[in-house]
Amino acid sequence: MFNKFRLGKKQEHSSTLRDKIEELKKQPIPEHVAIIMDGNGRWAKKRALPRVAGHHEGMKVVRKTTMLANKLGIKALTLYAFSTENWKRPKNEVEYIMRLPEEFLGTFLPELVENNVQVKMIGYKNQLPVHTLHAIEKAIEETKENNGLVLNFALNYGSRAEIIDAVKQVLNDSKNGILNETDLNEDIFSSYLMTSEFKDPDLLIRTSGEIRLSNFMLWQLAYSEFWFTDVLWPDFSENHLLEAIEVFQKRQRRFGGIL
Ligand code: IPE
Ligand code: IPE
Ligand code: MG
């Protein structure tokens with residue numbers, strides 16, 4: 001299946017899409033958008049295909065979404081690609097998912113470089129297969145000078161484990177005199193998380209109709225705007241992203257205050 005894979009030709013947006021993009025850019029665009037890309041398995045099941053076919057299709061949507069996010073001037077796009085709980089899945093499915101970064105970046109990396117996109121990753125690297133990590137690290141290295149959209153893959157990421165690890169590091173730094181207990185505050189704690197270099201997401205999108213976080217960015221999403229859709233990830237289109245942003249722009253963020 002891999003060698004049959006083609007991403008198609010260079011992406012051009014239709015004039016209606018371009019108009020919508022320009023319209024949205026008149027209002028503030030969320031700086032950090034995070035997406036729980038869910039529903040690949042159900043997409044495949046509906047077509048009597050193996051679940052992995054849904055993951056493969058979903059990868060094409062990652063490309064489209066990234067390019068549009070870049071055009072919109074979104075600064076960071078975090079994509080939840082694999083959770084620390086997803087290892088519970090059948091071995092063949094996990095193995096397939098762990099091949100996708102190579103396949104995706106193998107084809108797509110030149111386009112990312114050309115479009116000034118910077119690749120990053122959050123999650124536990126040490127449990128990833130070597131070939132998966134190698135593909136990601138290569139992409140990180142080759143795009144490190146870029147300063148456009150940051151495409152951040154949450155791969156083998158789990159928020160509770162991340163928080164526990166941050167607490168352990170805080171305790172360690174406190175024991176070693178690097179951090180004073182009295183100095184610990186929310187900003188300093190955030191700097192111990194895997195997302196330390198990112199601002200908290202402004203907008204969280206989850207596809208597939210599930211209304212839950214599934215252990216994603218529990219700390220960081222405290223004041224994010226949520227947008228849920230029944231659309232399955234492989235069916236998520238550019239118009240869906242534009243719709244989410246339009247809804248975001250109509251929301252009033254109060255952060256506990258009053259306007
Ligand atoms: C999301 O799609 C991708 C991953 C979790 C890796 P799913 O594989 O969870 O698809 P559904 O939810 O079973 O339809
Ligand atoms: C969340 O989806 C993880 C990713 C999208 C990578 P899941 O499909 O694993 O979530 P649950 O199991 O339905 O909560
Ligand atoms: Mg799912």
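Ligands are counted one by one from 1 in listed order, and the atoms in each one are counted from 1 as well.
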Checklist outcome for this item: Excluding waters, which are neither shown nor counted, protein N/O/S atoms under 2.8 Å from the Mg ion (ligand 3) come to 1
Checklist outcome for this item: The reported gap from OG1 in Thr78 to CE in Met121 (rounded to nearest 0.5 angstrom) is 12.0 Å
Checklist entry - How many angstroms lie between atom CG of Asn152 and atom NE2 of His32, to the nearest 0.5 angstrom? => result 6.0 Å
Under 3.5 Å, which donor-acceptor pairs do the side chains of residues 162-173 form with other protein atoms, sequence neighbours left out?
from, atom 1, to, atom 2, distance (Å)
Glu162, OE1, Tyr157, OH, 2.5
Glu162, OE1, Gln220, NE2, 3.3
Glu162, OE2, Met194, N, 3.0
Glu162, OE2, Gln220, NE2, 3.3
Asp165, OD2, Tyr124, OH, 2.5
Asp173, OD2, Tyr192, OH, 2.7

Next on the checklist: Using the rule given for side chain to side chain donor-acceptor pair (under 3.5 Å), can you reason through Trp219 versus Asp200, listing the C-alpha separation, both sets of side-chain angles and the distance that settles it, and then say yes or no?
Outcome noted: CA-CA 9 Å; Trp219 169 278; Asp200 288 341; 5.2 Å; no
Checklist entry - How close do Pro30 and Ile245 get, heavy atom to heavy atom, and via which atoms? => result CD-CG2, 4.0 Å
Next on the checklist: Classify the ring geometry of Trp233 against Phe236: parallel below 30°, tilted from 30° to 60°, perpendicular beyond 60°.
Outcome noted: parallel
Next on the checklist: List the residues meeting side-chain contact (heavy atoms from CB on, under 4.5 Å) with Asn146, not counting sequence neighbours, and say none if there are none.
Outcome noted: Asn116, Gln118, Thr143
Checklist entry - About how many Å separate CZ of Arg99 and NE2 of His55, when rounded to the nearest 0.5 Å? => result 15.5 Å
Contact table, ligand 2 N/O with protein N/O, distance under 3.5 Å:
from, atom 1, to, atom 2, distance (Å)
ligand 2, 8 (O), Asp38, OD1, 3.2
ligand 2, 8 (O), Arg89, NH2, 3.2
ligand 2, 9 (O), Asn86, ND2, 2.9
ligand 2, 9 (O), Arg89, NH2, 3.4
ligand 2, 10 (O), Arg206, NH2, 3.3
ligand 2, 10 (O), Ser214, OG, 3.3
ligand 2, 13 (O), Arg212, NH2, 2.8
ligand 2, 14 (O), Arg212, NE, 2.8
ligand 2, 14 (O), Ser214, OG, 2.6

Checklist entry - Any idea how Phe255 and Tyr223 line up, ring-wise: parallel (<30°), tilted (30 to 60°), or perpendicular (>60°)? => result tilted
Checklist entry - More than 12 heavy atoms of other residues, nucleotides or ligands under 6.0 Å from NZ of Lys199: is that the case? => result yes
Next on the checklist: Checking contacts here: is it the side chain or the backbone of Lys45 that comes within 4.0 Å of ligand 1, counting heavy atoms only? Could be both or neither.
Outcome noted: neither
